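Have a look at the structure below, then the notes.
Computed from a predicted model, the values in this text were never measured in an experiment.
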Amino acid sequence: MESEMLAELANGIGDNHNVSSDSSSPPSKQPFIIGVAGGTASGKTTVCNMIISQLHDQGVLLINQDSFYHSLNDDQLAKVQEHNFDHPDSFHTELLLSCMEKLKQGQSVTIPIYDFKTHKSTGPGLEVKPADVIILEGILVLHDPRVRHLMNMKIFVDTDSDLRLARRIQRDTVERGRNVQNVLDQYARFVKPSFEEYILPSKKHADIIIPRGRDNDVAIDLIVQHIQTKRGQHDLCKIYPNVFVVTSTFQIQGMHTLIRDVKTTKHDFVFYADRLIRLVVEHGLGHLPFTEKQITTPTGSIYPGVVFCKRLCGVSVIRSGESMENALRACCKGIKLGKILIHREGNNGRQLIYKKLPADIASRHVLLLDPVLASGYCAVKAISLIISKGVPECNIIFLNLIAAPQGIHAVSKQFPMVKIVTSEIDETLDHNLRVIPGMGEFGDRYFGTDNNHS
């Protein structure tokens with residue numbers, strides 16, 4: 001059931017034209033920016049408002065791309081039926097980019113107020129202040145790569161074309177004083193062709209696709225949860241520049257869904273955990289130092305490439321960390337491996353029980369392996385041991401599948417030069433220091449020592 005829902009979302013958030021803000025003061029950090037695109041009358045603004053309502057008292061600013069339509073001059077107004085309002089050139093994208101950049105830097109901006117009856121911007125505009133979350137919605141917000149680059153999350157609302165046309169007829173005749181025939185003519189001449197040429201192709205840039213638009217309550221609930229999770233990751237990555245989260249996709253979220261599910265069999269748990277581990281390991285290797293190197297290809301061409309640091313070793317925290325060794329060996333042929341066993345004593349105590357490290361570890365970059373970063377006590381103990389063997393703090397990369405904010409705080413505050421690479425940051429810890437929502441005892445589930453997952 002979970003995989004079907006994820007597949008539906010992967011293959012498939014109404015249209016008011018206002019600017020609203022729940023924020024009364026500039027945020028202390030860069031905002032989390034969400035782009036919401038989709039065809040005309042697909043339900044984008046309605047979905048945005050549903051998201052905002054579920055985010056409750058969190059500061060949210062909604063900006064409509066329609067506010068940035070170019071005003072039509074007299075000649076254009078005389079031939080308004082010939083104007084394509086769904087073409088990228090109809091928008092003042094440079095002004096939109098300027099406003100978004102200023103908001104991103106914590107500055108207030110003036111947003112134009114566009115009148116759809118006169119086809120002109122009216123008055124001095126509306127001054128808005130920055131917020132913790134900014135939602136930019138419009139038919140073409142995923143079309144321009146410069147606009148997309150500003151976004152932390154990209155959403156596409158996918159609604160049936162007949163339903164969109166029916167909604168457009170109702171909106172344009174009731175709200176904008178147009179007759180049905182003109183709406184139909186404009187749709188056939190401009191709206192539909194522009195959708196197929198500019199809007200629909202931008203769907204491929206979306207991180208999340210919502211089928212059935214505003215009618216898909218389940219999808220919108222999942223989106224809100226996803227936004228809250230990504231906001232937490234975004235905030236921690238802004239606080240700690242040493243923290244790196246693998247870019248989330250619905251494929252990755254689908255694998256997380258499976259390995260977190262209490263009903264998942266050991267076979268499936270191992271299979272999908274191994275896939276995620278491989279992604280984390282490869283992401284971690286990307287943070288190693290490199291040197292430039294030109295090589296000659298079989299065609300006789302010169303290729304300007306790079307060579308990564310070869311003096312590596314892995315150190316796994318027994319026993320769950322050993323699950324990550326095969327992925328590391330697959331990526332780094334012949335890599336040396338060390339092991340550390342740390343015993344938990346109460347909630348705060350950790351005792352080193354066993355260690356076996358390469359004799360020349362001080363001269364190597366170290367990939368520390370542990371699938372779960374919870375309180376950080378074990379990680380701090382392991383990192384302290386590695387540093388005591390002469391490894392510079394900046395030469396350690398800590399790889400895990402999931403991390404709790406408490407663990408990230410603990411490691412990053414004590415070792416700010418250690419890079420932490422994870423595939424997802426979870427919500428918190430419970431009173432037993434278990435990650436919530438977490439995935440249970442990773443080692444037991446992976447190695448089959450948990451009788452509930454055989």
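Considering only residues two or more places apart in sequence or on other chains, Lys381 meets the salt bridge (charged side-chain N to carboxylate O under 4.0 Å, His left out) condition with none of them. Considering only residues two or more places apart in sequence or on other chains, Tyr198 meets the ring pair (Phe, Tyr, Trp, His ring centres under 6.0 Å) condition with His87, His143. Applying the salt bridge (charged side-chain N to carboxylate O under 4.0 Å, His left out) rule to Arg329 yields the partners Glu325; only residues at least two apart in sequence or on another chain are considered. Here Glu197 pairs with nothing under the side chain to side chain donor-acceptor pair (under 3.5 Å) rule; sequence neighbours left out. Asn242 is linked by a side chain to side chain donor-acceptor pair (under 3.5 Å) to Ser412, counting only residues two or more places apart in sequence or in another chain. Every residue two or more places apart in sequence or in another chain that forms a side chain to side chain donor-acceptor pair (under 3.5 Å) with Glu94 is listed here: Arg146. Every side chain to side chain donor-acceptor pair (under 3.5 Å) that Asp185 has, sequence neighbours left out, goes to Gln181. Legend: residues meeting salt bridge (charged side-chain N to carboxylate O under 4.0 Å, His left out) with Lys419, ordered by chain and number and at least two apart, are absent. When the ring pair (Phe, Tyr, Trp, His ring centres under 6.0 Å) test is applied to Tyr240, the partners found at least two apart in sequence or on another chain are His409. Listed by chain and residue number, Tyr69, His83, His119 satisfy the ring pair (Phe, Tyr, Trp, His ring centres under 6.0 Å) test with Phe85 (two or more places apart in sequence, or in another chain). The salt bridge (charged side-chain N to carboxylate O under 4.0 Å, His left out) search around Arg260 returns Glu424, Asp426, not counting sequence neighbours. Evaluation of the ring pair (Phe, Tyr, Trp, His ring centres under 6.0 Å) rule for Phe32 yields His234 as partners, not counting sequence neighbours.
Aromatic pair Phe244/His283: ring centres not closer than 6.0 Å.
Counting heavy atoms from C-beta outward, Ile134 and Met100 have side chains that approach closer than 4.5 Å.
Of the N and O atoms on the side chains of Asp274 and Tyr446, at least one donor lies less than 3.5 Å from an acceptor on the other residue.
Here Glu441 does not pair with Arg445 in a salt bridge; the nearest charged N to carboxylate O distance is not below 4.0 Å.
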